[in-house]
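These notes concern the structure reproduced below.
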Amino acid sequence: MSKEEEFTRIIKDNEGVIFKITTVYTDRSEDQQDLYQEIVYQLWKAYDSFRGDAKVSTWMYRVALNTAITRLKKEKRNGNRVGIDQVVLKQTENYNTEFEEKLKILYAHIKMLNDLEKGLILLLLEGKKYEEIALITGLTASNVGTRISRIKQKLKTQIKK
């Protein structure tokens with residue numbers, strides 16, 4: 001298998017990682033598509049340096065989060081902030097209106113968090129353990145636990161209002 005084919009397979013197998021990050025770190029579908037492309041580009045540039053010390057998904061999260069946060073910092077410097085669009089969920093056979101509304105509310109509140117908090121809660125929702133989140137973010141596992149606890153409390157308070 002060629003390098004390009006292997007990379008394409010990895011992207012296809014893990015595109016949910018990229019989609020989740022682009023959903024949380026953008027407000028408009030056009031921005032989401034742009035960020036998706038930028039993340040894939042950065043993953044390609046970093047592909048040769050991936051040694052396999054960590055899981056592929058861990059490496060992808062690290063590159064994707066860094067790309068999203070870097071892009072946000074550039075946008076903030078340039079003043080390119082726009083309003084929040086609704087989070088659009090793909091319909092499935094098990095379509096549940098109440099669940100979709102709760103998910104929209106949760107995502108709207110997640111978007112209000114700071115950049116690091118968004119990444120931490122996204123990784124937690126993805127089912128990552130504190131140790132893996134620590135590897136991805138560069139924080140200690142105990143710091144991750146403390147921050148996630150605070151984020152959960154903040155989200156509970158905001159959603160109850």
Side-chain angles (χ1 to χ4, degrees), residues 1-78 80-96 99-100 102-104 106-141 144 147-148 151:
M1 182 181 311
S2 74
K3 175 182 162 184
E4 290 84 5
E5 291 171 331
E6 187 177 327
F7 179 77
T8 302
R9 182 190 52 79
I10 288 171
I11 294 298
K12 286 185 181 192
D13 291 348
N14 295 282
E15 67 185 351
V17 168
I18 302 170
F19 178 75
K20 287 174 185 141
I21 289 173
T22 60
T23 299
V24 170
Y25 282 92
T26 60
D27 295 327
R28 301 180 314 141
S29 62
E30 298 87 11
D31 294 336
Q32 185 177 8
Q33 291 168 356
D34 290 346
L35 181 57
Y36 188 98
Q37 289 176 355
E38 178 65 21
I39 289 170
V40 171
Y41 173 69
Q42 294 300 329
L43 286 167
W44 175 250
K45 280 179 37 180
Y47 188 61
D48 288 333
S49 65
F50 177 63
R51 298 181 310 271
D53 296 342
K55 290 192 275 181
V56 171
S57 62
T58 301
W59 169 74
M60 287 182 75
Y61 267 116
R62 175 171 275 187
V63 172
L65 281 171
N66 286 334
T67 303
I69 290 170
T70 300
R71 181 183 170 142
L72 275 178
K73 286 178 182 176
K74 285 179 187 174
E75 286 177 357
K76 285 178 184 176
R77 276 194 307 264
N78 296 334
N80 292 336
R81 302 296 292 167
V82 292
I84 295 176
D85 286 345
Q86 293 285 18
V87 175
V88 180
L89 302 175
K90 295 180 182 175
Q91 283 190 337
T92 62
E93 297 151 8
N94 302 326
Y95 183 73
N96 182 333
F99 177 75
E100 181 180 340
K102 287 180 180 178
L103 202 53
K104 283 181 182 180
L106 176 63
Y107 269 90
H109 286 283
I110 289 172
K111 285 181 178 241
M112 289 188 266
L113 298 172
N114 72 39
D115 295 344
L116 179 60
E117 290 172 338
K118 285 179 192 176
L120 291 172
I121 202 69
L122 181 68
L123 292 168
L124 181 70
L125 291 172
E126 183 67 17
K128 302 291 182 194
K129 294 186 176 4
Y130 289 177
E131 292 78 19
E132 190 171 358
I133 295 172
L135 279 174
I136 293 168
T137 60
L139 300 170
T140 64
V144 167
R147 287 176 184 247
I148 286 176
I151 295 166

Query raised in the report: Between the side chains of Lys128 and Ser57, is a donor N or O closer than 3.5 angstrom to an acceptor N or O?
Result: yes
**Report entry** Heavy-atom pair of closest approach, residues Ile133 and Leu124
**Finding:** CD1-N, 3.9 Å
Report summary line: Per side chain to side chain contact (heavy atoms under 4.5 Å, CB included), Leu43 is matched among Val56, Ile18, Val17, Thr67 by Ile18
Query raised in the report: Is the backbone N or O of Asp27 less than 3.5 Å from a side-chain atom of Asp31, with the two atoms forming a donor-acceptor pair by type?
Result: no
Report task. Report, as yes or no, whether the 6.0 Å neighbourhood of atom NZ on Lys12 holds more than 12 heavy atoms from other residues, nucleotides or ligands. Result -> no
Report summary line: So NZ of Lys55 and CD1 of Ile136: to nearest 0.5 Å the spacing works out to 8.5 Å
Report summary line: Between Leu113 and Lys118 the two heavy atoms that sit nearest each other are O-CE, 3.1 Å
Report task. Apply ring pair (Phe, Tyr, Trp, His ring centres under 6.0 Å) to Phe7 and list each qualifying residue two or more places apart in sequence or on a separate chain. Result -> Trp44, Tyr47
Report task. Test Leu123 against Val144 for side-chain contact (heavy atoms from CB on, under 4.5 Å), laying out the working first. Result -> CA-CA 11 Å; Leu123 292 168; Val144 167; over 6 Å; no
**Report entry** Closest approach of Tyr25 to Ala68 (non-hydrogen atoms, all atoms of both residues)
**Finding:** CG-CB, 3.8 Å
**Report entry** Pair Glu38-Gln42, side-chain donor/acceptor within less than 3.5 Å
**Finding:** yes
Requested in this report: Please determine, by modelled atom types, if Glu132 and Tyr61 share a side-chain donor-acceptor pair under 3.5 angstrom.
Outcome: no
Query raised in the report: Between the main-chain N or O of Asn114 and the side-chain N or O of Glu117, is there a donor-acceptor pair closer than 3.5 Å?
Result: yes
Report task. I would like to know whether Ile110 and Leu122 meet side-chain contact (heavy atoms from CB on, under 4.5 Å); could you show each step before the answer? Result -> CA-CA 9 Å; Ile110 289 172; Leu122 181 68; over 6 Å; no
Report summary line: With sequence neighbours left out, the residues meeting side-chain contact (heavy atoms from CB on, under 4.5 Å) with Asp13 are Arg9
**Report entry** Over all atoms of both residues, closest heavy-atom pair of Met60 and Ile11
**Finding:** CE-CD1, 3.9 Å
Report task. Return the minimal non-hydrogen interatomic distance between Ala64 and Ile39, and the atom names on each side. Result -> CB-CG2, 3.7 Å
Query - Rounded distance (nearest 0.5 Å) linking atom CG of Leu103 with atom CG of Leu125 - result: 9.0 Å
Query - Glu131 bridged to Lys129 by N-O distance under 4.0 Å - result: no
Query raised in the report: Which heavy atom in Gln32 sits nearest to a heavy atom in Thr23, and how many Å separate them?
Result: NE2-OG1, 3.0 Å
Query raised in the report: So, are Lys3 and Asp48 salt-bridged, with charged N and O less than 4.0 Å apart?
Result: yes
